[in-house]
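Just so it is clear, the structure is predicted and the values come from calculations on it, not from any experiment.
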Amino acid sequence: MAKKDGTDLSRRDFLRRLGVGAGSAMAFMALEPLNVLAHESEKDKRPVTNRMTYRVQHGTGEQISLLGFGMMRLPNDQEQVNELVDYAIEHGVNYFDTAPMYMGGQSEVLTGNALSRHPRDKFFVATKMSNQNRRKWSFDESKAMYENSMERLKVDYIDYYLLHSIGGGMETLRGRFLDNGVLDFLLKEREAGRIKHLGFSYHGDVRDFDWLLDRQDDYHWDFCQIQMNYLDWRHASIRQGRRHDADAEYLYDKCQKAGVQCVVMEPLRGGALGRVSSDVEQQLKAIRPDDSAARWAFRWVGSHPNILTALSGMNQMEHLMDNVETFSPLDPCTETENALLEKISDEMAGVPTIPCTTCAYCMPCPYGVDIPGNFAYYNEAVKENILPLPERTASDYASKKQQFTEGYQKALADRKTWAHSCQDCEECLSKCPQQIRIPNQLARIVETLRK
């Protein structure tokens with residue numbers, strides 16, 4: 001327990017200044033002093049200074065880089081992945097998140113090959129029980145998936161293991177993890193030390209999330225992975241339009257009360273918060289002229305003390321370098337900056353975007369529709385204010401309709417991938433972690449093109 005001395009008081013004062021909600025001094029202690037290390041790069045022998053911000057894992061005291069490396073969209077080239085991983089580790093990133101379903105299993109292979117070239121104590125690897133397909137629900141299939149992950153990653157223990165994408169409803173939760181004995185098996189694996197930390201990632205029905213966290217005394221979750229960004233903080237359930245969804249504020253607060261640290265996914269909301277409208281960009285530049293929109297989003301997430309690490313999918317060196325700089329060290333958001341982002345999120349919540357993060361879990365479509373491509377273009381049209389909305393743009397509706405149509409045809413050059421090819425088979429619905437009513441949203445695009 002931290003002593004209630006002057007240092008403890010100043011931490012509470014600082015937390016209030018951040019404007020991230022009422023957190024205990026104990027929770028804020030997760031924001032540890034920076035480790036400043038210097039070593040020589042194997043490539044050029046120049047000194048490399050590590051100023052990465054770290055958080056302390058409550059159970060073991062492990063120092064986890066606040067920037068985590070999401071390995072879902074890696075370049076399918078081992079040498080490129082090696083270079084990215086080498087740079088990340090060299091500059092203090094030590095948390096690497098993958099899954100069996102990423103790149104059809106290739107992500108685990110690429111990640112394992114790259115990490116195995118480094119000492120085991122230089123990295124923490126996270127992977128998942130990705131048995132969403134009902135054919136994988138049996139104990140034997142699930143156990144084989146777990147063992148295959150060990151083999152692909154070239155490790156004899158997994159640092160952070162997750163029940164992947166819970167939130168499909170209690171029937172699904174029981175079928176995937178409870179009735180088949182898979183969760184009991186994973187708990188025993190943690191007890192044996194082959195899993196160091198056990199948690200789950202959440203998308204969808206918040207009742208599943210509540211059920212698992214309400215049984216913290218039984219399962220002792222070490223962490224929970226949630227989608228969190230300044231837009232979803234208070235507008236996720238409204239924007240998603242789902243009865244049993246929850247805002248990120250609710251998820252974060254419940255984890256903090258349960259003593260469970262959060263791993264954050266989608267801090268940029270599928271890249272959308274890194275590609276904001278010119279109006280939003282001007283508001284951000286007025287305060288911090290040199291900061292990108294993405295840096296604002298990362299700083300906002302990192303300012304919350306119960307965050308263990310924030311994942312970013314970095315498949316290009318320039319993105320990795322920029323993100324490393326953002327967290328080396330983290331410059332927390334001020335109260336004024338938090339107020340601005342809250343104002344911006346309120347404005348963005350009124351825009352009719354589709355809550356797609358382009359994860360491509362829904363693909364391939366049996367009828368050839370490029371679902372993420374359709375949604376990405378639609379959201380881009382909203383951002384650039386070229387979506388033809390008669391009630392808002394009556395004066396220039398025709399020009400915006402033409403601009404929208406021409407842009408759509410250019411973005412999706414193959415007509416077979418257009419929204420009109422959707423046959424409403426609903427095969428994509430069970431695959432979408434955002435639980436988007438995909439056929440309905442595709443029909444919305446078709447209707448926009450026809451108006």
Side-chain angles (χ1 to χ4, degrees), residues 57 62 64-89 93-118 120 122-133 136 142-166 186 189-190 194-203 222-227 262-268 270 308-316 319-320 323 357-361 363 431 433:
Q57 205 282 334
E62 296 165 345
I64 307 298
S65 58
L66 188 51
L67 173 62
F69 202 139
M71 316 295 280
M72 185 170 75
R73 301 183 182 96
L74 294 173
N76 198 11
D77 179 277
Q78 190 64 62
E79 288 303 315
Q80 291 184 47
V81 175
N82 290 351
E83 290 178 7
L84 291 168
V85 168
D86 291 352
Y87 185 92
I89 291 179
V93 177
N94 62 12
Y95 190 97
F96 298 84
D97 172 269
T98 183
M101 68 183 299
Y102 295 168
M103 302 174 65
Q106 192 64 17
S107 173
E108 284 189 327
V109 173
L110 293 166
T111 300
N113 289 340
L115 291 176
S116 65
R117 299 158 48 252
H118 295 269
R120 186 64 178 89
K122 292 293 185 182
F123 63 87
F124 302 94
V125 65
T127 192
K128 309 172 181 73
M129 178 60 71
S130 300
N131 61 349
Q132 290 95 318
N133 191 317
K136 302 289 185 181
S142 298
K143 182 173 181 287
M145 179 177 290
Y146 166 74
E147 292 171 344
N148 286 339
S149 290
M150 289 264 203
E151 183 177 348
R152 289 170 174 168
L153 292 169
K154 298 184 176 181
V155 295
D156 54 12
Y157 65 88
I158 295 173
D159 301 282
Y160 289 80
Y161 198 75
L162 300 88
L163 314 185
H164 194 182
S165 192
I166 67 102
L186 296 177
E189 287 296 285
R190 181 176 62 179
R194 287 182 287 273
I195 293 174
K196 300 299 183 183
H197 307 286
L198 185 62
F200 60 90
S201 64
Y202 160 73
H203 294 279
D222 299 299
F223 67 108
C224 176
Q225 188 163 307
I226 60 173
Q227 179 169 314
C262 297
V263 171
V264 169
M265 55 185 162
E266 302 295 351
L268 299 184
L308 183 64
T309 189
L311 302 175
S312 177
M314 300 172 285
N315 56 13
Q316 297 181 31
H319 297 157
L320 173 59
N323 291 349
T357 62
T358 66
C359 69
Y361 287 7
M363 297 296 286
K431 300 176 182 178

>> Does the structure place the NZ or CZ of Arg120 under 6.0 Å from the centre of the six-membered ring of Tyr157, at an angle of no more than 45° from the ring's axis?
In response: yes
>> Quick check: closest heavy atoms across Pro75 and Asn315, and the distance to 0.1 Å?
In response: CD-CB, 3.8 Å
> Is the count of non-hydrogen atoms from other residues, nucleotides or ligands lying under 6.0 Å from Lys136 atom NZ greater than 12?
Replying inline: no
> At their closest point, which heavy atom of Thr358 faces which heavy atom of Gly270, and how far apart are they?
Replying inline: OG1-O, 4.1 Å
> In Å, rounded to the nearest 0.5 Å, how long is the span from CG of Leu308 to CD of Gln57?
Replying inline: 6.5 Å
>> Quick check on ring pair (Phe, Tyr, Trp, His ring centres under 6.0 Å): which of Tyr160, Tyr161, Phe200 does Phe223 satisfy it with?
In response: Tyr160
> Are any non-hydrogen side-chain atoms of Met129 and Met145 less than 4.5 angstrom apart?
Replying inline: yes
>> Measuring only between side-chain heavy atoms, which start at C-beta, is Met265 closer than 4.5 Å to Asp97?
In response: no
>> Please determine whether side-chain contact (heavy atoms from CB on, under 4.5 Å) holds for the pair Lys154 and Leu115, giving the CA-CA distance in whole Å, both sets of side-chain angles, and the decisive distance to 0.1 Å.
In response: CA-CA 9 Å; Lys154 298 184 176 181; Leu115 291 176; over 6 Å; no
> Crowded around Glu151 CD? As in, over 12 foreign heavy atoms under 6.0 Å?
Replying inline: no
>> The test is side-chain contact (heavy atoms from CB on, under 4.5 Å); show your working for Val85 and Leu110 and say whether it passes.
In response: CA-CA 10 Å; Val85 168; Leu110 293 166; over 6 Å; no
> Between Ser165 (side chain) and Pro433 (backbone), is there a donor-acceptor pair under 3.5 Å?
Replying inline: no
> Roughly how far, to the nearest 0.5 Å, is CG of Leu163 from NZ of Lys128?
Replying inline: 11.5 Å
> About how many Å separate CD1 of Ile226 and SG of Cys262, when rounded to the nearest 0.5 Å?
Replying inline: 4.0 Å
> Which heavy atom of Arg190 sits nearest a heavy atom of Asp222, and at what distance?
Replying inline: NH1-OD2, 3.0 Å
> Okay, side chain of Thr309, backbone of Gly68: is any donor-acceptor separation there less than 3.5 Å?
Replying inline: yes
>> So does Asn94 get a backbone contact from the side chain of Ser65, meaning a donor-acceptor N/O pair under 3.5 Å?
In response: yes
>> Quick check: do Tyr87 and Met314 have side-chain heavy atoms less than 4.5 Å from each other?
In response: no
>> When you measure from the side chain of Asp159 to the backbone of Val125, do you find a donor-acceptor pair of N or O atoms at a distance under 3.5 Å?
In response: yes
> NZ of Lys143 to CG of Leu186: how many Å apart, nearest 0.5 Å?
Replying inline: 11.0 Å
> Are any of the side-chain heavy atoms of Ser107 and Arg73 separated by less than 4.5 Å?
Replying inline: no
>> Can you confirm whether the side chains of Gln132 and Tyr361 place a donor and an acceptor under 3.5 Å from each other?
In response: no
>> Testing the basics here: between Pro100 and Thr127, what is the closest heavy-atom pair and its distance to 0.1 Å?
In response: CD-OG1, 3.6 Å
>> On a heavy-atom basis, which atom in Tyr146 and which in Glu189 lie closest, and how many Å separate them?
In response: OH-OE1, 2.7 Å
> With no hydrogens and no angle check, is any side-chain donor or acceptor of Arg152 less than 3.5 Å from a backbone partner on Ser149?
Replying inline: no
>> Does any part of the side chain of Asp86, heavy atoms only, come nearer than 4.5 Å to the side chain of Arg117, both counted from C-beta?
In response: yes
> Considering only heavy atoms from C-beta outward, does the side chain of Gln225 approach that of Leu311 to under 4.5 Å?
Replying inline: yes
> When you look at Met103 and Asn76, which way does the side-chain contact (heavy atoms from CB on, under 4.5 Å) test go after all the steps?
Replying inline: CA-CA 9 Å; Met103 302 174 65; Asn76 198 11; 4.1 Å; yes
> How close do Gln316 and Leu84 get, heavy atom to heavy atom, and via which atoms?
Replying inline: C-CD2, 3.9 Å
>> Quick check for you: to the nearest 0.5 Å, what is the distance between Lys122 atom NZ and Ile89 atom CD1?
In response: 9.0 Å
> What is the distance from atom NE2 of His203 to atom CD1 of Ile166, rounded to the nearest 0.5 Å?
Replying inline: 9.5 Å
> What do the steps show when you test Asn323 against Phe69 for side-chain contact (heavy atoms from CB on, under 4.5 Å), and what is the final call?
Replying inline: CA-CA 10 Å; Asn323 291 349; Phe69 202 139; over 6 Å; no
> Taking Ser116 for the side chain and Gly112 for the main chain, is one N or O donor matched with an acceptor at less than 3.5 Å?
Replying inline: yes
